[in-house]
*Asks:* 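The following block contains the structure, expressed as structure tokens.
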Amino acid sequence: MRELHVDQVAEAIANLVMEANYVLEPDVMAALEKARADEPSPVGQAVLQQLVENAELACSERVPMCQDTGNALVFLEVGQDLHLVGGDLSEAVNRGASRGYVEGYLRKSILDDPIRRKNTGDNTPAFIYTDIVPGDRLRIRVVTKGGGAENMGQLRMLPPSAGWEGARRFIVEAVAAAGPNACPPLLVGVGVGGNFDKVALLAKKALLRPVGQPHPDPEWAAREQDLLTEINKLGVGPMGLGGKVTAFAVHIETMPCHITSLPVAVNIECHAHRHKEVVL
């Protein structure tokens with residue numbers, strides 16, 4: 001049984017939330033460069049050039065690339081043979097998130113109550129998702145997801161008779177409804193199956209796949225590509241100013257569901273898609 005002190009977790013989380021806001025991962029930078037090459041609109045090309053320059057400046061100056069430094073989404077894969085010592089794991093995650101947002105001079109956007117709406121002052125609590133997996137390691141994936149993108153998510157419990165065509169129509173309509181509000185080009189996460197809560201998590205976890213990496217099932221990979229084609233026909237374009245590239249990619253995750261259900265969820269990510277990970 002391997003031991004890991006939770007202080008190491010807190011330290012990792014603090015670093016990850018800062019780095020996510022300062023440095024785009026290579027998959028996102030490559031997606032921006034590809035979008036710039038694919039975009040025929042002069043305005044769209046100019047916008048994409050500005051996004052690339054903004055990311056480069058954020059990295060070199062170590063400043064946030066966007067004023068909305070996001071919800072701290074923390075995905076933990078905890079090895080079943082790992083023994084966490086020294087305190088509570090959730091407390092350590094929130095301690096790390098607090099430190100990262102305070103020391104990194106990142107905007108604090110979390111409120112203590114959805115109606116009373118007092119700012120917590122340190123961007124906690126983080127939103128923590130935990131899976132128990134084989135092994136004795138802890139994989140931490142952090143996404144700092146802005147409110148503009150998160151607010152554009154949609155979920156629908158379709159009847160099975162809707163089939164893939166009904167699901168496809170809903171997904172494209174959800175992206176069209178988002179328009180410029182999620183700061184395109186977008187990464188579109190889609191969940192299909194499960195139940196009311198699981199399908200939303202599937203859509204969010206779909207964002208964790210490297211940008212543009214196809215689904216391992218060829219049939220679902222073909223559906224991803226078909227959706228991307230349809231979404232890029234919408235004409236929303238970079239930052240909503242018109243053009244061909246409304247989305248970088250569509251990622252679908254699926255799971256079994258009840259015979260009476262066809263749950264479908266859409267979780268949209270902005271062009272920055274700020275994410276980092278480490279294995280302890």
*Asks:* Between Ser98 (side chain) and Arg95 (backbone), is there a donor-acceptor pair under 3.5 Å?
*Replies:* no
*Asks:* Evaluate side chain to side chain contact (heavy atoms under 4.5 Å, CB included) for Val142 paired with Leu73, printing each intermediate quantity in order.
*Replies:* CA-CA 6 Å; Val142 167; Leu73 310 181; over 6 Å; no
*Asks:* Check whether Asp112 reaches the backbone of Lys118 with its side chain - one donor and one acceptor, N or O, closer than 3.5 Å.
*Replies:*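 Indeed, once roles are kept as given, a pair shorter than 3.5 Å links the two residues.
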*Asks:* Tell me whether Asn94 contacts the main-chain N or O of Ser90 through its side chain, where contact means a donor paired with an acceptor under 3.5 Å.
*Replies:* yes
*Asks:* Sub-3.5 Å donor-acceptor pair from the side chain of Asn54 to the main-chain atoms of Met65, do we have one?
*Replies:* yes
*Asks:* State plainly whether one hydrophobic cluster holds both Phe248 and Leu24, where clusters connect Ile, Leu, Val, Met, Phe, Trp and Tyr through side-chain heavy atoms under 4.5 angstrom apart.
*Replies:* yes
*Asks:* Say whether Val43 and Leu32 are linked into one hydrophobic cluster, either directly or through other cluster members, by side-chain heavy-atom distances under 4.5 angstrom.
*Replies:* yes
*Asks:* Please test Arg107 against Asp68 for salt bridge (Lys or Arg N to Asp or Glu O under 4.0 Å), starting from the C-alpha separation and ending with a verdict.
*Replies:* CA-CA 7 Å; Arg107 194 182 84 182; Asp68 185 350; 3.5 Å; yes
*Asks:* Show the numbers, then the answer: is there a side chain to side chain contact (heavy atoms under 4.5 Å, CB included) between Met29 and Val52?
*Replies:* CA-CA 7 Å; Met29 287 300 292; Val52 170; 4.2 Å; yes
*Asks:* Under 6.0 Å between ring centres, would you say that holds for His273 and His271?
*Replies:*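 Between His271 and His273, which both carry aromatic rings, the centre distance is not below 6.0 Å.
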*Asks:* Rounded to the nearest 0.5 Å, what separation is found between the SG atom of Cys270 and the CG atom of Asn181?
*Replies:* 12.5 Å
*Asks:* Starting at CG of Asp122, measure out to CD of Glu103 and round the result to the nearest 0.5 Å.
*Replies:*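 Answer for the CG-CD pair, Asp122 versus Glu103, is 12.0 Å.
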*Asks:* Looking at CG of Asn195 and CE of Met157, how far apart are the two atoms once the value is rounded to the nearest 0.5 Å?
*Replies:*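 Nearest 0.5 Å value for the CG-CE distance: 7.0 Å.
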*Asks:* Would you check if the side chain of Asn123 reaches a backbone N or O of Ser109 as a donor-acceptor pair within less than 3.5 Å?
*Replies:*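 Yes, because the side chain of Asn123 sits within donor-acceptor range (under 3.5 Å) of the backbone of Ser109.
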*Asks:* Checking side-chain polar atoms at under 3.5 Å, does Lys276 have a donor or acceptor matched by the opposite partner on Asn15?
*Replies:*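 On atom types as modelled, these side chains do not qualify, holding no pair under 3.5 Å.
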*Asks:* Against Glu19, only a single residue in Arg274, His275, Arg62 fulfils side chain to side chain donor-acceptor pair (under 3.5 Å); can you say which?
*Replies:*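 By the side chain to side chain donor-acceptor pair (under 3.5 Å) criterion, Glu19 pairs with just one of Arg274, His275, Arg62: Arg62.
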*Asks:* Taking Glu165 first and then Arg169, would you say they form a salt bridge - that is, a charged N and a carboxylate O separated by under 4.0 Å?
*Replies:*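 So Glu165 does not pair with Arg169 through a salt bridge.
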*Asks:* Same cluster for Val278 and Leu208 if Ile/Leu/Val/Met/Phe/Trp/Tyr side chains link at under 4.5 Å?
*Replies:*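 Cluster IDs for Val278 and Leu208 differ.
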*Asks:* Can you check whether Leu4 reaches Val85 side chain to side chain, under 4.5 Å on heavy atoms?
*Replies:*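 When only atoms from C-beta onward are counted, Val85 and Leu4 do not touch, as no gap falls below 4.5 Å.
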*Asks:* Is the backbone of Lys145 close enough, under 3.5 Å, to the side chain of Glu150 for a donor and an acceptor to pair up by distance?
*Replies:*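 No; zero donor-acceptor contacts below 3.5 Å.
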*Asks:* With distance as the sole test, does Asp226 use its side chain to make a donor-acceptor pair with the main-chain N or O of Ala222 at under 3.5 Å?
*Replies:* no
*Asks:* If you count the non-hydrogen atoms of other residues, nucleotides and ligands that lie under 6.0 Å from NZ in Lys244, is the total more than 12?
*Replies:*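 Not buried by this count: 12 neighbours or fewer within 6.0 Å.
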*Asks:* Evaluate side chain to side chain contact (heavy atoms under 4.5 Å, CB included) for Val78 paired with Thr130, printing each intermediate quantity in order.
*Replies:* CA-CA 7 Å; Val78 184; Thr130 305; 3.9 Å; yes
*Asks:* Salt bridge or not between Arg117 and Asp113? Use side-chain N to carboxylate O under 4.0 Å.
*Replies:* no
*Asks:* Glu253 and salt bridge (charged side-chain N to carboxylate O under 4.0 Å, His left out): which single residue from Lys204, Lys205, Arg209 fits?
*Replies:*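 Of Lys204, Lys205, Arg209, salt bridge (charged side-chain N to carboxylate O under 4.0 Å, His left out) with Glu253 is met by Arg209 alone.
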*Asks:* Any sub-3.5 Å donor-acceptor pair from Asp27's side-chain atoms to Val211's backbone N or O?
*Replies:*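 Yes, Asp27 side chain to Val211 backbone: donor-acceptor pair under 3.5 Å.
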*Asks:* Assigning hydrophobic clusters by single linkage (Ile, Leu, Val, Met, Phe, Trp, Tyr; side-chain heavy-atom cutoff under 4.5 Å), is Leu76 placed with Tyr129?
*Replies:* no
*Asks:* side-chain hydrogen bond (donor to acceptor under 3.5 Å, both in side chains) with His251: which residues, sequence neighbours excluded?
*Replies:* none
*Asks:* Where the side chain of Glu269 meets the backbone of Leu187, is there a donor-acceptor pair that is under 3.5 Å apart?
*Replies:* no
*Asks:* Mark yes or no for whether Tyr101, through its side chain, and Gly121, through its backbone, hold a donor-acceptor pair below 3.5 Å.
*Replies:*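 Judged by distance alone, no pair lies under 3.5 Å.
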*Asks:* May I have the step-by-step check of side chain to side chain contact (heavy atoms under 4.5 Å, CB included) for Leu138 and Glu77, ending in yes or no?
*Replies:* CA-CA 6 Å; Leu138 174 64; Glu77 293 181 9; 6.0 Å; no
*Asks:* Please answer: with hydrophobic residues joined when any side-chain heavy atoms are less than 4.5 Å apart, are Leu84 and Leu16 in the same cluster?
*Replies:*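 As far as the 4.5 Å side-chain criterion goes, Leu16 and Leu84 are connected within one cluster.
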*Asks:* Other than Val192, what residues sit in its cluster of Ile, Leu, Val, Met, Phe, Trp and Tyr side chains whose heavy atoms are under 4.5 Å apart, directly or through others?
*Replies:*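 Cluster partners of Val192: Met152, Leu158, Trp164, Phe170, Ile171, Val172, Val175, Leu186, Val188, Val190, Trp220, Leu227, Leu228, Ile231, Leu234, Val236, Val250, Ile252, Leu262, Val264, Val266, Ile268.
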